[in-house]
A.B. asks: 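Let me begin by handing over the structure; questions about it come next.
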Amino acid sequence: MNLDGLNKEQKEAVLHKDGPLLILAGAGSGKTRVLTMKVAYLIEQGVDPSNILAITFTNKAAKEMKERIYGLVGRTAFDCQISTFHSFGLKILKENYNLLGYDKNFTILDSDDTLSLIKKIMKDMNIDIKQINPKYVRNSISGAKNQLLSPEEYEQFISAESEKIVCKIFKRYRDALIKNNSVDFDDLLILPIKLFNEYPNILKIYQEKYKYILIDEYQDTNEAQYILTKKISAKYKNICVVGDNDQSVYSFRGANYKNILNFEKDYKDAKTIMLEQNYRSTKTILNAANSVIKNNEFRKDKNLWSDNEDGEKITYYRAYDEKHEGSYIISEIKKLLDAGYKEKEIAIIYRTNAQSRVLEEEFLKSRLPYKIVGSFFFYNRKEIKDLISYLKVIYNEKDDVNLSRIINVPKRGIGDKTINNLVTYANIEGISIYEAIETGKELEFKKIIEELKVDSENCTLTDLIDKILDKSGIRKELESEKSLEADIRLENLEEFKSITKNFEEREGLVSLEDFLNEISLVSDIEEHKNNPDKITLMTMHSVKGLEFDVVFVVGMEESIFPHANSSFDKQDLEEERRLCYVAITRAKKKLYLVNAKRRMLFGRDSINPPSRFIEEIDSCYIEETENNKMPKKIDKESMLNDGEVTYNIGELVIQDSYGEGIVIGEDDKFVTIAFNYPHGTKKFIKNHKSIRRV
DNA sequence: CCATAATTCTTTTTT
DNA sequence: AGAATTATGG
């Protein structure tokens, strides 16, 4: 194998074959390259590809790694197990479902399904969902599960009244999942661990199977993921993990960057290699990223450097509003394309998914090719969810959650009362809703599902979709409605067939089981399509691990980024800053930071000051323009209005640094203004020019 | 049981 | 602003 393109440390990492290895790899230091070459090297050294397990966090990363290994070793790459933690967990469950009390055709509940199950349980228990938010319950349960706590163990740790209630719901929730023959996302990690604990001989099989384990983004692993791989690698200890503490951005999911520190404790003879040279970005971009991240207090300083040229300065643009933000980006992209940049080398990244909406509108107008990665937009539509529920029920009739969703879709005259009767009966008998159906209109529904079950055995997926639409009456209902909205729904359902068709062609598979697994774990429509040259729109979280020539980071405003919910707590804020570090370091050649003076949020016009992260970047890296004048240092005289200014208590005003606020107090010299969280109340010189009436 | 009106969320981030 | 949930009346 040719290692010429690698530096000393990279070579060392690739050539380390046996024993634990920790690679601390800064952004853009070539870690993916090292990982892929390492796999190729192992194969070259005679390791059976089927003994290699490589784990990534996102499906995109897994896909990319597969392609790159394929590029190095050819078809034998397919014999390696390269997947996300969750799909790896699913694979183990599929191989051992019976030992865990499940039927073969168990299904995965997504976070919406999980939420409706919790709501149902709470209703059953007469818990007011206004008193305790079901989402809080869901998150608490998920948190406990990821700490590998059973409801009984969780009980030992809690004291608050609300947590005790959560615990009771947790118990019912756990039982309900088994009864529904369903698992949630967390189960994909913790059930395999349970399996290994209860059946050591099975653990042994997996230890022999996966003699070499590589894990990417190790700083993002949570307790469950940590334990899972620790168990499997316990025998041979050929475990190689790659991580960067500065890029740890999943603590909300229980990720614990301390796992990196634990690694050296767990494996006393672990070798550690640091990759500190950045090959990706210009000096300007890297320096900007470093000047932001150095503001984090809880951080081990490191020395990431670059030999690349200085490159262009960063462009900071302050748009008038969110639409202008979009149109500005479009106009810049047009210039970039004229200058020879390729669409697929341009990315727009934002903090929240909701921001993609306005951007998409502007892109549609511009007719530039774009793709929104991770857009729930399609899968979140009612008609698509209904269709998927049909598929899940056809495959797993015990799935009460999805069955309840569609038993009256389209309208069949089955209302709350009928369903409640069914549920009560099913509970008494200890059977599923499906089994409980014996009479009435619901029996017709059952017959439809029975027929479709047969169809699912006999025809292709795409044909099955057609049969569902016909036999359920969904198509008929939408066609007879003759509204634009109904037409769009039909179109979306037709579009869904292109996803199944693509799946069938790509995988050569037509099984409902495989398709359901795929859409449960890859809930991103773009992953199902072939993607030619397009401009990429995605969140900062999903962009991790990728790189582009040109990156636009948009919505650089306080309370969007850093997000309002994360700007108060110091730890949260530091995570936001790491996220900013991730965002900036995606850019290879040119970085744009964009924000809007005002923006519609929750249907209200809100005004937020520029993100603090912009100010943290040394201004020498940012191009000076008319538009982006940094917080001006003008002498006090010129900042005061001539003459007297008076305000009324309760009046809405805008202040340049803190945005919208309400006047809550006034005397002859000062005015007191209450601003939105997290700014609080501030006192100003009354006729200061930074304050304006709305 | 269902259509319409009124009201109340929603936007962190992912598998 | 738009979606989702709940109330109301037929």
Side-chain angles (χ1 to χ4, degrees), chain A residues 55-62 83-90 108-116 119 129-130 133-135 139 142 145-146 183-190 217 220-222 224-225 248-255 322 349-358 361 373-377 379-382 385 408 410-420 440-441 485 517-524 527 538-545 555 559-569 572-573 575-576 578-580 582-583 599-606:
Chain A
I55 292 184
T56 62
F57 264 77
T58 62
N59 298 292
K60 250 188 307 298
S83 54
T84 63
F85 267 109
H86 289 84
S87 39
F88 177 60
L90 176 61
I108 302 167
L109 295 187
D110 65 27
S111 18
D112 286 338
D113 297 337
T114 300
L115 190 62
S116 45
K119 280 183 188 164
I129 60 169
K130 298 231 163 71
N133 188 339
K135 279 191 181 167
N139 295 342
S142 174
K145 289 181 86 163
N146 277 302
V183 298
D184 63 15
F185 281 130
D186 303 323
D187 285 335
L188 296 174
L189 305 172
I190 66 177
E217 309 279 9
D220 287 330
T221 49
N222 63 27
Q225 292 160 331
S248 155
V249 293
Y250 279 102
S251 70
F252 69 92
R253 212 174 60 186
E322 74 276 18
I349 58 190
Y350 36 80
R351 178 64 176 81
T352 66
N353 284 299
Q355 288 167 258
S356 69
R357 200 169 182 144
V358 185
E361 281 168 23
V373 176
S375 144
F376 311 103
F377 168 71
Y379 280 117
N380 242 0
R381 289 174 177 276
K382 184 187 174 300
K385 282 185 169 178
N408 198 32
K411 302 259 176 328
R412 303 189 172 88
I414 304 173
D416 285 349
K417 202 163 178 192
T418 315
I419 295 175
N420 280 337
K441 305 222 175 76
E485 205 198 330
N517 289 340
E518 161 133 345
I519 56 172
S520 297
L521 293 177
V522 188
S523 60
D524 181 355
E527 296 283 334
M538 67 199 314
T539 64
M540 298 173 177
H541 282 85
S542 31
V543 82
K544 192 138 78 81
S559 87
I560 290 183
F561 188 43
H563 194 276
N565 298 352
S566 300
S567 10
F568 186 66
D569 181 271
D572 289 345
L573 184 62
E575 179 147 316
E576 294 286 302
R578 290 193 291 272
L579 199 50
C580 184
V582 169
R599 176 187 303 270
M600 278 288 232
L601 287 173
F602 298 106
R604 305 180 119 280
D605 220 0
S606 35

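Every chain is numbered from 1, with letters handed out A, B, ... down the list of sequences. Keep in mind the model is a prediction, meaning the values are calculated, not measured.
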A.B. asks: By centroid distance (under 5.5 Å) and plane angle (under 30°), are A:His86 and B:dT15 in a stacked arrangement?
C.D. replies: no
A.B. asks: In this structure, how many angstroms lie between the C1' atom of B:dT14 and the CZ atom of A:Phe57, rounded?
C.D. replies: 10 Å
A.B. asks: Looking at A:Asn133, I'd like to know whether one of its side-chain N or O atoms comes within less than 4.0 Å of OP1 or OP2 on B:dC9.
C.D. replies: no
A.B. asks: Does the side chain of A:Thr418 get closer than 4.0 angstrom to OP1 or OP2 of B:dC1 through an N or O atom?
C.D. replies: yes
A.B. asks: With centres under 5.5 Å and planes under 30°, do A:Phe85 and B:dT15 count as stacked?
C.D. replies: no
A.B. asks: Specify the separation, in whole Å, of atom CD of A:Glu485 and atom P of B:dA3.
C.D. replies: 13 Å
A.B. asks: I'd like to check, for A:Phe602, whether its ring lies over the base of B:dT11 with centroids under 5.5 Å apart and a plane angle smaller than 30°.
C.D. replies: yes
A.B. asks: For A:Phe85 and A:Phe57, take the angle between the two ring planes, folded into 0 to 90°, and tell me which bin it lands in: parallel under 30, tilted 30 to 60, perpendicular over 60.
C.D. replies: perpendicular
A.B. asks: To the nearest Å, give me how far apart CG (A:Leu90) and P (B:dT14) are.
C.D. replies: 21 Å
A.B. asks: For residues A:Asn565 and A:Asp572, report the shortest heavy-atom separation together with the two atoms involved.
C.D. replies: O-OD2, 4.1 Å
A.B. asks: Taking the side chain as everything from C-beta on, heavy atoms only, tell me whether A:Asp112 gets closer than 4.5 Å to A:Asn380.
C.D. replies: yes
A.B. asks: Quick check for you: among B:dT14, B:dC2, B:dT12, whose closest atom lies nearest to any side-chain atom of A:Lys411?
C.D. replies: B:dC2
A.B. asks: Start with the C-alpha gap between A:Ser111 and A:Thr114, add the side-chain angles, then the distance that decides, and say whether side-chain hydrogen bond (donor to acceptor under 3.5 Å, both in side chains) holds.
C.D. replies: CA-CA 5 Å; A:Ser111 18; A:Thr114 300; over 6 Å; no
A.B. asks: Kindly point out which of B:dT12, B:dT14, B:dT15 is positioned nearest to the side chain of A:Phe252?
C.D. replies: B:dT14
A.B. asks: Please determine whether a side-chain nitrogen or oxygen atom of A:Thr539 lies at a distance below 4.0 Å from atom OP1 or OP2 of B:dT14.
C.D. replies: yes
A.B. asks: Assign A:Lys119 to base, sugar-phosphate, or nothing according to its heavy-atom contacts below 4.0 angstrom with the strands shown.
C.D. replies: sugar-phosphate
A.B. asks: What closest approach, in Å, do A:Val183 and A:Leu188 show between heavy atoms, and which atom pair accounts for it?
C.D. replies: CG2-CD2, 4.1 Å
A.B. asks: Between B:dT12, B:dT15, B:dT14, which nucleotide has the shortest distance from any of its atoms to the side chain of A:Asn565?
C.D. replies: B:dT12
A.B. asks: Would you say the side-chain atoms of A:Gln225 pair up with the backbone N or O of A:Asn222, donor to acceptor, closer than 3.5 Å?
C.D. replies: yes
A.B. asks: What is the separation between atom CD1 on A:Ile129 and atom C1' on B:dT8, rounded to the nearest whole Å?
C.D. replies: 11 Å
A.B. asks: Output the rounded distance in Å from OH (A:Tyr250) to P (B:dT13).
C.D. replies: 11 Å
A.B. asks: Heavy atoms under 4.0 Å, any strand shown: does A:Ser87 hit a base, just sugar-phosphate, or nothing?
C.D. replies: nothing
A.B. asks: If I pick the P atom on C:dT6 and the same atom on B:dT11, what distance separates them, to the nearest angstrom?
C.D. replies: 16 Å
A.B. asks: Once you apply a heavy-atom cut-off of 4.0 Å, does A:Asp186 come out as touching a base, just sugar-phosphate, or nothing?
C.D. replies: nothing
A.B. asks: Find the distance A:Asp112:CG to B:dT15:P and express it as a whole number of Å.
C.D. replies: 14 Å
A.B. asks: When you match A:Gly415 and A:Ala354 each to their closest nucleotide on DNA chain B, which lands nearer the 5' end?
C.D. replies: A:Gly415
A.B. asks: Regarding A:Asp187 and A:Lys145, does a basic nitrogen lie under 4.0 Å from an acidic carboxylate oxygen?
C.D. replies: yes
A.B. asks: Closest-nucleotide mapping onto DNA chain B: is A:Arg412 or A:Ser566 further toward the 5' terminus? I mean the 5' end.
C.D. replies: A:Arg412
A.B. asks: Would you classify A:Gly603 as touching base, sugar-phosphate or nothing, given that sugar-phosphate means primed atoms plus P, OP1 and OP2, and contacts are heavy atoms under 4.0 Å?
C.D. replies: base
A.B. asks: With a 4.0 Å cut-off on heavy atoms, is A:Lys135 in touch with a base, just the backbone sugar-phosphate, or nothing at all?
C.D. replies: sugar-phosphate
A.B. asks: Rounded to whole Å, please give me the gap between CZ in A:Arg357 and P in B:dT10.
C.D. replies: 16 Å
A.B. asks: From OH of A:Tyr350 over to C1' of B:dT12, roughly how many Å is that when rounded to an integer?
C.D. replies: 13 Å
A.B. asks: Hey, does A:Asn408 reach any base, or is it just sugar-phosphate, or nothing, if we go heavy atoms under 4.0 Å?
C.D. replies: sugar-phosphate
A.B. asks: Using the C1' atom as the reference point in each nucleotide, state the distance between C:dA4 and B:dT13 in Å, no decimals.
C.D. replies: 22 Å
A.B. asks: Quick one: which of B:dT15, B:dT11, B:dT13 gets closest to the side chain of A:Ser111?
C.D. replies: B:dT15
